[in-house]
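Shown next, in structure tokens, is the structure this report addresses.
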Amino acid sequence: MKSKKALSGGTKDGYIFILPAFFYMLLVLGYPLVYNLVLSFKNVDVKNFTKGGSVFVGLENYIHLFNDDTFLLVLRNTFIFTIACLVFQFTIGFAFAMFFNQKFKVSGPIRGMILVSYMMPMSVTGLLGKNIFANDGLVNDLLSKIGINGPEWLVTGATALIAVIIMNCWVGIPFNMLLLMSGLTSVSQDVYESASIDGANWVEKFVFITLPLMKGSIMAVLMLGFIYTFRAFDLMYIMTAGGPLNATDVLGTYSYVRSFTQFEFSEGSAIAMVLFACLFVIGLFYLRLLAKEDD
């Protein structure tokens, strides 16, 4: 009886300790989310924002969005940008993690140099990318030296999106490398030695040992990478401002432009809620995978 009472008292004490954090999260995250959701069901714009003459319009903003070609283009851009970045970041990051997991003298200094791009603020990365891919920038200068006339990277739609993807991968590769290296260190070398004794080559070791034992780390890296990339904003806004002709606009930049440049607050809120819904579904999918792993 005493142990049960002590356990009950300890539980209550625990709830008391987490209450400040709970109220803080409720205030900082909960209130803006609910306010944004309510705003997306109204017709708030610059005309009635201060006067308070908005009315409830239900799903009208969402219906208008999904019938808008520009929004569908932005939604497509977001998924293309996210998937392309995930593929290149994960593949190259995994290759770097496997390489630097080997023991050689200069692995530490080289790994530290690669991490410089990850430590830079995204605003600095955006400005750097804007200069690198300018018409007279580094990329076109190098191409001209081998006889290739470089394109106007940030002026043409397809090349502008490629340039933004390259700069985001430049930041994301070290992030993937760090997390995957931590997963590789948890794999015992005894398993590889046993496989070598049985005659397994490096491909078989990678497919049948490394990948299965790193499944949890891989899923975590992919989910975190998807979340961070899908909600990207500052890199596009600094490099291209969503242009040319919305070619590099993603949900984050388009929501900002609709809300604070064109002053269509309700439509901007609806776009933000679509962004939140996509990330929420991905989060539920990840939690379901974790539950299956536990089972």
Side-chain angles (χ1 to χ4, degrees), residues 78-120 125 129 139 142-143 146 148 161-232 235 278-279 281-295:
T78 306
F79 278 100
I80 291 174
F81 172 76
T82 303
I83 293 170
C85 287
L86 276 183
V87 170
F88 287 108
Q89 287 175 182
F90 179 79
T91 304
I92 301 174
F94 207 157
F96 278 174
M98 295 284 291
F99 177 73
F100 288 113
N101 195 45
Q102 309 299 319
K103 296 179 180 179
F104 57 96
K105 289 183 178 179
V106 293
S107 63
I110 298 175
R111 191 167 59 208
M113 291 175 63
I114 293 175
L115 290 176
V116 169
S117 62
Y118 175 63
M119 293 185 290
M120 279 187 181
T125 302
V139 174
L142 293 175
L143 290 175
I146 57 176
I148 298 175
L161 188 58
I162 291 172
V164 173
I165 289 171
I166 290 172
M167 292 308 298
N168 192 73
C169 290
W170 187 63
V171 177
I173 287 170
F175 173 76
N176 282 256
M177 182 189 73
L178 274 178
L179 295 183
L180 291 170
M181 278 193 68
S182 65
L184 282 171
T185 55
S186 65
V187 180
S188 175
Q189 293 299 316
D190 296 337
V191 182
Y192 292 110
E193 292 175 2
S194 299
S196 298
I197 294 172
D198 293 335
N201 56 36
W202 70 271
V203 177
E204 292 170 333
K205 292 178 185 178
F206 179 76
V207 173
F208 297 109
I209 297 176
T210 305
L211 290 181
L213 292 180
M214 287 188 61
K215 185 177 179 181
S217 299
I218 290 171
M219 288 304 302
V221 169
L222 290 176
M223 288 300 104
L224 287 173
F226 186 94
I227 292 169
Y228 290 148
T229 308
F230 197 83
R231 63 182 181 85
L235 182 64
C278 293
L279 294 178
V281 170
I282 292 298
L284 289 179
F285 175 72
Y286 180 54
L287 291 176
R288 186 174 182 182
L289 287 179
L290 290 180
K292 285 185 178 181
E293 286 293 322
D294 292 338
D295 292 339

Exercise. Does CE belonging to Met219 count more than 12 external heavy atoms closer than 6.0 Å?
Worked result: yes
Exercise. Can we call the ring centroids of Tyr286 and Phe226 under 6.0 Å apart?
Worked result: no
Problem set entry | Worked verdict on Leu235 versus Val171 for side chain to side chain contact (heavy atoms under 4.5 Å, CB included) | CA-CA 11 Å; Leu235 182 64; Val171 177; over 6 Å; no
Problem set entry | Any donor-acceptor N/O pair, Thr91 side chain to Phe88 backbone, under 3.5 Å | no
Problem set entry | Separation of Met223 CE from Leu287 CG (nearest 0.5 Å) | 10.5 Å
For this session: Say whether, by atom type as modelled, one donor and one acceptor occur between the side chain of Asn176 and the main chain of Gly172 under 3.5 angstrom.
Result: yes
Problem set entry | ring pair (Phe, Tyr, Trp, His ring centres under 6.0 Å) against Phe206, all qualifying residues, sequence neighbours excluded | Phe94
Seminar exercise, completed: Here the gap from Ile227 atom CD1 to Leu279 atom CG, rounded to the nearest 0.5 Å, amounts to 6.5 Å
Exercise. Quick check: does any side chain N or O of Ser117 sit under 3.5 Å from a backbone N or O of Trp170, one acting as donor and the other as acceptor?
Worked result: yes
Exercise. Is the centre of the Phe175 ring less than 6.0 Å from the centre of the Tyr228 ring?
Worked result: yes
For this session: Please lay out, stage by stage, how Thr210 and Met98 fare under the test side chain to side chain contact (heavy atoms under 4.5 Å, CB included).
Result: CA-CA 10 Å; Thr210 305; Met98 295 284 291; 4.3 Å; yes
Exercise. Is the backbone N or O of Val203 less than 3.5 Å from a side-chain atom of Asn201, with the two atoms forming a donor-acceptor pair by type?
Worked result: yes
For this session: In sequence, state the C-alpha distance, the side-chain angles, and the governing distance for Phe90 and Leu180, and then conclude on side chain to side chain contact (heavy atoms under 4.5 Å, CB included).
Result: CA-CA 9 Å; Phe90 179 79; Leu180 291 170; 4.0 Å; yes
For this session: Any chance you could lay out the side chain to side chain contact (heavy atoms under 4.5 Å, CB included) test for Ile165 and Cys169, step after step, and finish with the verdict?
Result: CA-CA 6 Å; Ile165 289 171; Cys169 290; 4.1 Å; yes
